[in-house]
Protein chains: 2
Amino acid sequence: MTATSIGDLQTPCLLLCSDRLDRNVARLRDSVERRGAVYRPHLKTAKSIDVTRRALRSPADPVTVSTLKEAETFLEAGLTDMIYAVGIAAAKIGRVRALRARGVDLAVLVDSVEQARTLADAPHLNEDAIPAFIEIDCDGHRSGVDPTHRDLLVRIAAELTNGAGLRGVLTHCGSSYSARDAADLEAWARRERDAVLLAAAHLRKAGFDVPIVSLGSTPTALAEIDLEGVTEVRAGVGMFFDLVQSGVGVCSPEDIAISVLTTVIGKQHGCAIVDAGWMAMSRDRGTAAQPLDWKYGLVCDERGRAIEDLLLLDANQEHGIVGMREGSGCEMPVLDIGARLRVLPNHACATAAQHDCYHVVSGSSPTVHERWDRFGGW
Amino acid sequence: MTATSIGDLQTPCLLLCSDRLDRNVARLRDSVERRGAVYRPHLKTAKSIDVTRRALRSPADPVTVSTLKEAETFLEAGLTDMIYAVGIAAAKIGRVRALRARGVDLAVLVDSVEQARTLADAPHLNEDAIPAFIEIDCDGHRSGVDPTHRDLLVRIAAELTNGAGLRGVLTHCGSSYSARDAADLEAWARRERDAVLLAAAHLRKAGFDVPIVSLGSTPTALAEIDLEGVTEVRAGVGMFFDLVQSGVGVCSPEDIAISVLTTVIGKQHGCAIVDAGWMAMSRDRGTAAQPLDWKYGLVCDERGRAIEDLLLLDANQEHGIVGMREGSGCEMPVLDIGARLRVLPNHACATAAQHDCYHVVSGSSPTVHERWDRFGGW
């Protein structure tokens with residue numbers, strides 16, 4: 001595609017800074033590999049073949065997906081080593097088998113005897129057994145088996161080895177998003193690690209082979225604790241980062257790789273009205289629960305330089321209200337109708353999901369180098 | 001498309017009850033027409049040619065759009081009478097002119113002399129003048145001219161008649177969503193009506209022709225106040241309704257036409273884990289600000305019958321947590337892994353935007369009659 005300029009884009013639209021993406025991916029990969037584990041990026045944030053190509057060294061690299069649609073789409077791009085990291089339901093096994101028949105080493109998640117039995121009972125195509133992870137609950141956050149429940153772990157593993165195969169144990173510390181400082185974050189990271197190691201130990205003691213011990217969330221992946229015994233680390237949003245991750249302390253706003261480009265369409269009550277509402281930003285207000293609330297986002301100039309205390313204060317479907325943070329000592333900049341701004345999001349996964357492509361930029365250059373498609377759905 | 005059954009759908013996905021849609025549209029149209037005005041539905045909620053065909057009597061009917069992408073898509077379906085109800089920016093005038101050149105009577109919004117001048121100055125294709133509405137601020141909610149600012153109204157109108165044409169005045173009472181009872185709602189409806197009538201009177205007294213006097217929001221459209229002097233009423237979400245509108249008091253949960261179909265994929269801490277997270281529901285939590293908070297939605301059985309006090313309590317990207325409302329006297333129903341549920345949304349516009357189609361059902365029948373595409377983007 002012909003390079004174009006940011007000034008030629010119709011707004012609102014999604015920008016992706018490729019230099020920040022590269023830096024973020026390298027940081028995650030280095031942090032994980034330095035500690036002897038494998039980096040298995042979660043592709044749920046990007047949902048883009050182009051971003052994935054940029055984030056992997058080879059299509060043979062392992063990845064994580066959150067939907068079977070992701071697995072089907074990334075197979076088209078040649079990826080073959082995937083974990084579908086959402087508990088499996090019987091109605092989805094047909095698509096899992098079809099993916100495996102097309103050459104994807106796709107593993108699934110279970111956290112109950114019932115689900116393990118469903119996998120074992122499902123009609124076998126060419127005797128193919130679907131490998132499964134036992135999901136471990138490390139923080140009471142969502143799903144998974146309590147790792148102290150040795151008997152349940154063993155019963156699930158026994159059920160799996162009847163039909164499918166036990167691939168390993170897997171956990172995700174969603175609670176790490178509530179961390180407020182480095183000590184807090186390390187505590188969550190240790191809890192995540194210790195939970196999955198305990199589950200692996202129980203299973204091995206009972207005679208089961210546990211080849212993969214998988215953990216991850218972006219905050220804990222960057223916590224730099226010792227990972228002995230852990231074979232792989234998953235992380236998604238860390239490719240892009242966002243204001244929530246900045247609040248957790250694992251990045252700064254200058255690391256955030258995606259932003260929404262918007263145009264000033266009015267002025268009112270000392271604020272500017274822009275054409276990025278919640279349809280462009282999503283309704284995600286993750287920073288509302290953090291000490292520093294960024295409302296619907298931090299506003300930058302057209303080149304991506306943050307403007308101190310300038311926020312997307314509120315959002316309707318196609319309108320956003322840009323103004324100063326309450327109590328700010330800074331003066332509201334002059335924003336003429338037609339001016340262009342960029343808004344850094346609360347939550348990259350949610351904001352990116354509102355768009356069908358990334359307009360790829362680099363540094364503070366006004367040139368748009370490429371257009372990378374993204375997809376949604378299930 | 002061959003009729004299929006709800007049981008055959010992959011989850012999560014979006015269901016649309018066509019009987020509820022028909023009933024909701026008829027109610028809005030009747031309420032507006034009975035009071036002598038024209039019903040101009042806002043298509044931003046549905047974003048679907050099929051839904052629009054069902055909601056209009058003829059493609060010649062007037063509609064409202066929130067993006068130029070909507071205008072371009074609905075032109076393909078033969079619609080020609082449209083208002084783009086978001087303040088115009090210079091960078092969008094090219095697409096507006098292209099739409100008008102293709103036969104759409106597309107009008108735009110301005111609320112400043114600056115914008116009116118932009119329209120007047122923009123290069124004229126075949127001498128086509130873009131008709132514009134002056135947006136009126138009736139509630140301090142967002143954009144628009146204060147209707148008591150007579151001089152500003154007149155200056156904008158004068159600027160418009162230089163190049164484009166003054167089509168009328170338009171207002172939207174977004175604050176009506178905060179209504180908690182019928183008296184409250186009527187007060188907002190009167191305020192919306194009186195603001196736009198005052199602006200029209202100022203302009204007429206100054207010698208301007210004001211052919212259209214347009215107002216609307218779903219709550220005020222249903223407030224049944226006298227509409228003398230108002231020529232048309234716009235409403236969007238009222239086609240589908242949602243839990244926020246139920247909290248405002250203009251519908252009941254039984255009127256809500258869309259729901260997200262989901263599958264139970266786990267059990268944990270007395271709750272069920274389902275495969276509808278915020279990616280399927282959106283992050284919209286509009287009812288959090290209302291007296292009755294429905295969390296991420298009201299859960300119904302597979303046939304659409306609401307289960308008292310059963311809520312989607314929380315949501316991650318692809319996981320939802322279903323459990324009882326805190327303090328409920330009802331018992332949590334048994335929800336086996338693989339069971340199917342429907343979830344009624346907080347905000348229909350936001351939830352529908354997470355999906356690429358509607359699976360059309362009717363009443364409590366398990367048959368899926370049709371698949372109607374929807375679109376997003378700008």
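First the proteins, then the strands, lettered A, B, ... as listed; each starts at 1.
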Participant: Relative to chain B, which of A:D8, A:V264, A:D137 shows the most heavy atom pairs under 4.5 Å?
Facilitator: A:D137

Participant: With a 4.5 Å heavy-atom cut-off, do A:V244 and A:Q290 have their side chains touching?
Facilitator: yes

Participant: At a heavy-atom separation under 4.5 Å, does B:T263 approach chain A through its side chain, its backbone, both, or neither?
Facilitator: side chain

Participant: Between B:A280, B:G286, B:S112, which residue shows the highest count of heavy-atom pairs closer than 4.5 Å to chain A?
Facilitator: B:A280

Participant: Highest number of heavy-atom pairs under 4.5 Å with chain A: which of B:R285, B:Q354, B:R283, B:Q115?
Facilitator: B:R283

Participant: Report which part of A:E114 has an atom under 4.5 Å of a heavy atom belonging to chain B: side chain, backbone, both, or neither.
Facilitator: side chain

Participant: So B:S66 and B:H42, do their side chains get closer than 4.5 Å, heavy atoms only?
Facilitator: yes

Participant: With a 4.5 Å cut-off on heavy-atom pairs, point out which of B:L9, B:I273, B:I337, B:D336 contacts chain A the most.
Facilitator: B:I337

Participant: Quick one: are A:W378 and B:M279 in side-chain contact, heavy atoms under 4.5 Å?
Facilitator: yes

Participant: Who are the salt bridge (charged side-chain N to carboxylate O under 4.0 Å, His left out) partners of A:R374, not counting sequence neighbours?
Facilitator: none

Participant: So, for A:V343 and A:Y296, which heavy atoms are closest and what is the spacing to 0.1 Å?
Facilitator: CG1-O, 4.0 Å

Participant: If you count heavy-atom pairs within less than 4.5 Å of chain B, which of A:G7, A:A89, A:C13, A:P12 leads?
Facilitator: A:P12

Participant: Below 4.5 Å, heavy-atom pairs only: which of B:A350, B:A90, B:G277 has the largest tally toward chain A?
Facilitator: B:A350

Participant: Would you list the pairs meeting side-chain hydrogen bond (donor to acceptor under 3.5 Å, both in side chains) in which at least one residue belongs to residues 270-280 of chain A, sequence neighbours left out?
Facilitator: A:T11-A:D275, A:T262-A:D275, A:D275-B:K92

Participant: Side chain, backbone, both or neither: which part of A:A85 has an atom under 4.5 Å from a heavy atom of chain B?
Facilitator: backbone

Participant: Looking at chain A, which one of B:N316, B:L109, B:D356, B:V145 has the largest number of heavy-atom pairs inside 4.5 Å, strictly under?
Facilitator: B:N316

Participant: So which of B:H347, B:K267, B:E135 has the largest heavy-atom pair count under 4.5 angstrom toward chain A?
Facilitator: B:H347

Participant: Are B:R95 and B:E72 within salt-bridge range, i.e. N to O under 4.0 Å?
Facilitator: yes

Participant: Are the side chains of B:V110 and B:I88 in contact, using a 4.5 Å heavy-atom criterion?
Facilitator: yes

Participant: Taking A:A353, A:G266, A:C349 one by one, which has the highest count of heavy-atom pairs under 4.5 Å against chain B?
Facilitator: A:C349

Participant: Using a distance-only test with no angle check, is there a side-chain donor-acceptor pair under 3.5 angstrom linking B:S217 and B:S176?
Facilitator: yes

Participant: Please classify the contact of B:Q317 with chain A as side chain, backbone, both or neither, using a heavy-atom distance under 4.5 Å.
Facilitator: side chain

